[in-house]
Amino acid sequence: SVHTTAVYASVGHELDTAPLCRRLRQRSIRTCYPRVESKQPPKLSFIAVEDEQELVAAPFGLREPAAAATPLPLSAIDVFIVPGLGFD
C-alpha cells in the first residue's frame with residue numbers, strides 16, 4: 001500500500017497537482033515535494049509537506065519546501081508522480 005508520495009508543485013500551464021495532493025492527504029497519504037540542494041552536481045531532496053502554502057519561492061518561478069525542512073530518505077517514498085510531455 002502507499003503511505004508516501006513524491007509530487008511536484010505545478011507552475012504556469014502545467015497540470016495542477018494541488019487537488020491530487022489534497023485527496024492524498026485526506027486518505028492519510030503523506031505528500032512530499034522536491035527541493036534543489038545543488039545544481040552541480042544535481043541533487044534533489046524530498047520533504048513532507050502538510051499544505052502547499054508551506055512551499056516557498058525558488059529559482060525559475062518554482063516553489064519548493066523551505067531550506068530548514070528535514071528531508072525524507074528516498075526509501076520512505078512509495079510513489080513518485082513525475083510530469084512529462086513525452087517519453088521514448
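Position 1 is the first residue of the sequence; numbering continues from there. The analysis underlying the following values was restricted to heavy atoms, covering all of them including side chains, and did not include hydrogens, waters or symmetry mates.
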So do [Y] and [X] actually touch side chain to side chain, heavy atoms under 4.5 Å?
X	Y	result
Ile77	Cys32	yes
Thr4	Val2	no
Pro65	Val49	yes

If you look at every heavy atom in [X] and [Y], which pair is closest and at what distance?
X	Y	value
Ser10	Asp16	OG-CA, 3.3 Å
Ile81	Tyr8	O-CD2, 3.9 Å
Ile47	Ala69	CG2-CB, 3.3 Å

Hey, are Glu54 and Arg63 close enough for a salt bridge, meaning a charged N less than 4.0 Å from a carboxylate O? no

Mark yes or no for whether [X], through its side chain, and [Y], through its backbone, hold a donor-acceptor pair below 3.5 Å.
X	Y	result
Glu64	Val36	yes
Arg35	Ala66	yes
Thr5	Val79	no
Asp78	His3	yes

Hey, are Arg25 and Thr31 close enough side-chain-wise for a donor-acceptor pair under 3.5 Å? yes

Consider only side-chain N and O atoms of Tyr33 and Glu52, and report whether a donor and an acceptor are under 3.5 Å apart. yes

Verify the cluster assignment for [X] and [Y]: are they in a single hydrophobic cluster under the rule of side-chain heavy atoms below 4.5 Å apart?
X	Y	value
Leu44	Leu72	no
Leu74	Val82	yes
Val7	Phe46	no

